[in-house]
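All remarks here apply to the structure that follows.
Below, chain A is the first sequence line, B the second, and so on; all start at residue 1.
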Protein chains: 2
Amino acid sequence: MIATINDVARVAGVSISTVSYALSGKRPVGEKTRRRIEAAVAELGYSPNAGARALAGRRTYILAVTEPLRPDTYTPAHMAFVLATATAARNYDYDILLLTQDEAAGGLQRVTNSRTVDGVIVLDVLAEDERADLVRALGVPAALVGLPADTTDLVCVDLDFAAAAELAVDRLVEAGHRVLGLLGQPQVAYQRGSNYPVRFRDAFLARARERGVEARFASPEATIADTRAAVAELLGPEGDLTGLVMHCEDNIQMRTLDDLQERGLEVPGDVSVISAAATFDTSTLDPPLDVIPLIPAESCSRAVELTIDQMSGLVEPHVELIAPTYVERGSTAARRT
Amino acid sequence: MIATINDVARVAGVSISTVSYALSGKRPVGEKTRRRIEAAVAELGYSPNAGARALAGRRTYILAVTEPLRPDTYTPAHMAFVLATATAARNYDYDILLLTQDEAAGGLQRVTNSRTVDGVIVLDVLAEDERADLVRALGVPAALVGLPADTTDLVCVDLDFAAAAELAVDRLVEAGHRVLGLLGQPQVAYQRGSNYPVRFRDAFLARARERGVEARFASPEATIADTRAAVAELLGPEGDLTGLVMHCEDNIQMRTLDDLQERGLEVPGDVSVISAAATFDTSTLDPPLDVIPLIPAESCSRAVELTIDQMSGLVEPHVELIAPTYVERGSTAARRT
DNA sequence: CTGAAAGCGCTTACAG
DNA sequence: CTGAAAGCGCTTACAG
């Protein structure tokens, strides 16, 4: 019924090993032989049996992706990473197997022990993350997108959040701003353990201190009321804030821009605004925002690449921090004097 | 290095077939034999090689899930279905392979032809959906969550959106309301081809006509301004609307409740409100809303079940519409007279 | 209740 | 440049 490599070999009049090599390219195959094989493959609609290929070749061409999608996290941003991983994987001929919350650790163990997957991509990493320990213990090819507290023996990729914060501060300071504010994520983000919000905040505050400017920080819940209060707090009783950095979800950024407008504050006339580590498009905001983007495709394709390279022993444990870039959209300006 | 069934057999002092049968339960195994096997499995940390199992047993225990996650769709609701599918699959010892947009059709073809998966779950089905045609052509075990225009030869599961709309209308009519409004989804949802918004809207309007009440419909974009205008339109110049059904994303429902409050309209005193086909929790809204829920776990676990049963030839092509249920939370009341 | 063995469909040394 | 064959690690008739 369904064609096997034997059928292809018979139709092409060659041995199955030649078919295999012709398809994998692991051994040169004569021009006309290859053409006959290709014709047979097309005629029969042949595609190699994944199980057989996995058993014989010790490669499944499947990568596990673990993304807990905890109830308190912001789905679209997290999904962007899953999608980016899927896309990157396909570039290496890999598919992804999705492991979700209830099974994060157990599932990882199961799919690696059973050799269902060749490697693992760990998303939404917490400072203390059992998946990190498990990956270390299993010794399976893996890359984490994000940094656990202990990165020993691990391959990790992440945006350099500290450098991103510094870049934002520098940019504002150099435009003459002396009072900066960071509109951060909800409290839980700083407590729960993803450490990137902390890395960003700490670097923001430290850099401001270094540069001798005042820095304020607010951490509102994702509600209209809380956001409004946080913005008021950042602006200060005297309304002397002129540089605002937003490291929060798109809704909040939108509302904050509305809020500034309602207060009669112009961007960038009165307040310079930078969106930091955004995974969404800030060019469609009103006004469009300067951004130091967090590009899922970047970290994820690197993570996939590093994982696959581990299979050939080409990669040692290490941490890669991706340098931030600054995209100008006209939402910052020199401070009014 | 890594234990195989041969190691287990040797340690347990039995043949590999007995090990296999003991683990699969497909043949009775003597009490003490089984215990020795279990001990060996535990000692060696054995878990069957997925590739070998797939090759010999013709089952991969992997299901493909195709969810396009188009840019214009609302991520959290869609992810709820992916997650529900993953959870349901695990109950049958299945994992899921995630197929995304760029590869919807090509990927389906690839993973079924290569026998990477045993079956397919199709999410976010459009009226005209190439994935439906492909599934039909491939003859692979599959279930669609949602209805394409042509369901011939297909297994489909979905909430009965028409019945849900009728339930909402009946409820309001029976409480004495004579002017009803439907706050629907953005225009694109009605045009693009997911047909559930259409099914809901049409049944809503038809039922209202049947029951002899006035029905209004609005289809705002997911912005504050558009939503506000839509609510105003539904309320009407005379503000005579007293029954509101919302079939839209959670943000919009929240804003609408705020809006009603700002207008000094009480729920349910002035307006009775029902949330329809919501995948989110309406009990945390202010006020909590009566809801006819759309429960991803329900459709998805049924879809998984139907797909797996097709592998044993137990299922014929058919459409299953899930009967809607009404959850009362106090947001509807008899019309004030 | 249990075992020996064929076979699933590939990949990859080994040979020529 | 190509082939014959071993072997990957299971499942499942077939036998007893």
Side-chain angles (χ1 to χ4, degrees), chain A residues 1-38 40-41 44-62 93 110-118 311-312, chain B residues 1-38 40-41 44-62 93 111-116 118 311-312:
Chain A
M1 162 80 237
I2 182 163
T4 72
I5 198 173
N6 283 292
D7 301 321
V8 176
R10 190 167 21 75
V11 170
V14 297
S15 73
I16 65 162
S17 52
T18 300
V19 173
S20 177
Y21 285 120
L23 294 179
S24 71
K26 291 192 180 173
R27 189 167 85 173
V29 170
E31 182 56 19
K32 37 216 297 199
T33 312
R34 216 195 45 242
R35 246 198 284 283
R36 262 184 299 135
I37 292 173
E38 278 161 7
V41 165
L44 298 169
Y46 170 70
S47 89
N49 179 293
R53 187 153 84 128
L55 180 56
R58 294 147 176 292
R59 283 262 192 144
T60 64
Y61 294 92
I62 299 178
D93 211 34
R110 182 168 47 76
V111 298
T112 76
N113 283 346
S114 63
R115 314 258 110 154
T116 301
V117 302
D118 297 335
M311 300 173 199
S312 338
Chain B
M1 162 81 235
I2 181 164
T4 71
I5 198 173
N6 284 292
D7 301 321
V8 176
R10 190 169 19 75
V11 170
V14 298
S15 72
I16 65 162
S17 52
T18 301
V19 174
S20 178
Y21 285 120
L23 295 179
S24 71
K26 292 191 182 175
R27 189 167 86 173
V29 170
E31 181 57 20
K32 37 217 295 202
T33 312
R34 215 194 47 241
R35 247 198 284 283
R36 262 185 300 134
I37 291 174
E38 278 161 7
V41 165
L44 298 170
Y46 170 71
S47 90
N49 179 293
R53 188 153 84 128
L55 181 56
R58 297 146 175 291
R59 284 262 192 145
T60 63
Y61 294 92
I62 299 177
D93 211 34
V111 298
T112 75
N113 283 345
S114 63
R115 316 257 109 153
T116 300
D118 296 335
M311 300 173 199
S312 338

Q) What nucleotide, of D:dA13, D:dC10, C:dC10, holds the atom closest to the side chain of A:R53? A) C:dC10
Q) Taking only N and O in the side chain of A:T18, is any of them less than 4.0 Å away from OP1 or OP2 of D:dC1? A) no
(Q) Has B:R34 got a side-chain atom pairing as donor or acceptor with B:A22's backbone, closer than 3.5 angstrom? (A) no
Q | Spacing of A:Y21 atom OH relative to C:dT12 atom P, expressed in whole Å | A | 7 Å
Q. Between D:dC10 atom P and A:N113 atom CG, what is the distance in whole Å?
A. 12 Å
Q. CD1 of A:I16 versus P of C:dA13: gap in Å, rounded?
A. 15 Å
Q: Would you give the length of the straight line joining atom CD1 of B:I2 to atom OH of B:Y46, rounded to the nearest 0.5 angstrom?
A: 9.5 Å
Q) Of all the choices, C:dT2, D:dG3, D:dC10, which nucleotide is nearest to the side chain of B:P48 once you look at every atom? A) D:dC10
Q: Hunt down the Watson-Crick or G-U wobble partner of C:dA13, both distances under 3.5 Å, from any strand shown, or write none.
A: none
Q | Flag, side chain of A:R115 to backbone of B:N49, donor-acceptor distance under 3.5 Å | A | no
Q: Give the rounded distance in Å between these two atoms: CG of A:N49 and P of D:dG9.
A: 17 Å
Q: Go through D:dG3, C:dG3, C:dT11 for me and flag the one nearest to the A:S20 side chain.
A: C:dT11
**Q.** N/O donor-acceptor pair under 3.5 Å between B:T60 side chain and B:T116 backbone
**A.** yes
Q. Where the side chain of B:V14 is concerned, which of D:dT11, C:dG3, D:dT2 is the nearest nucleotide?
A. C:dG3
Q: Establish whether the base of D:dT12 is bridged to the side chain of B:R27 by a donor-acceptor pair shorter than 3.5 Å.
A: no
Q: Rounded off to whole Å, could you give me the CD1-to-P distance for the A:I5 and D:dC8 pair?
A: 18 Å
Q: Check whether any side-chain nitrogen or oxygen of B:S15 sits under 4.0 Å from OP1 or OP2 of C:dT2, and answer yes or no.
A: no
Q: For A:R115 and D:dC10, give me the distance from atom CZ to atom P, rounded to whole Å.
A: 11 Å
Q.
Tell me whether the side-chain N/O atoms of B:Y46 come closer than 4.0 Å to OP1 or OP2 in D:dC10.
A. yes
**Q.** Nucleotide opposite D:dA4 in a Watson-Crick or G-U pair, distances under 3.5 Å
**A.** none
Q. Mapping B:P28 and B:A52 to their closest nucleotides on DNA chain C, which lands nearer the 5' end?
A. B:P28
Q. Hey, what do you get for CD1 (B:I5) to CZ (B:R10), rounding to the nearest 0.5 Å?
A. 12.5 Å
(Q) I need the CG-C1' distance between B:L23 and D:dT11, as an integer number of Å. (A) 12 Å
**Q.** D:dG9 phosphate, OP1 or OP2, under 4.0 Å from B:T4 side-chain N/O
**A.** no
Q. Reckon A:R58 touches a base, only the sugar-phosphate, or nothing at all at heavy-atom distances under 4.0 Å?
A. sugar-phosphate
Q: Could you point out which residue of B:V11, B:V8, B:D7 forms a side-chain contact (heavy atoms from CB on, under 4.5 Å) with B:V41?
A: B:V8
Q. Between C:dT11, C:dG3, C:dT12, which one does the side chain of A:K26 approach most closely?
A. C:dT12
Q: Specify the separation, in whole Å, of atom CG of A:N6 and atom C1' of C:dC10.
A: 9 Å
Q.
Does A:T33 reach a base, just sugar-phosphate, or nothing at all? Heavy atoms under 4.0 Å.
A. sugar-phosphate
Q) If you pin B:S17 and B:L55 to their nearest nucleotides in DNA chain D, which one's is more 5'? A) B:L55
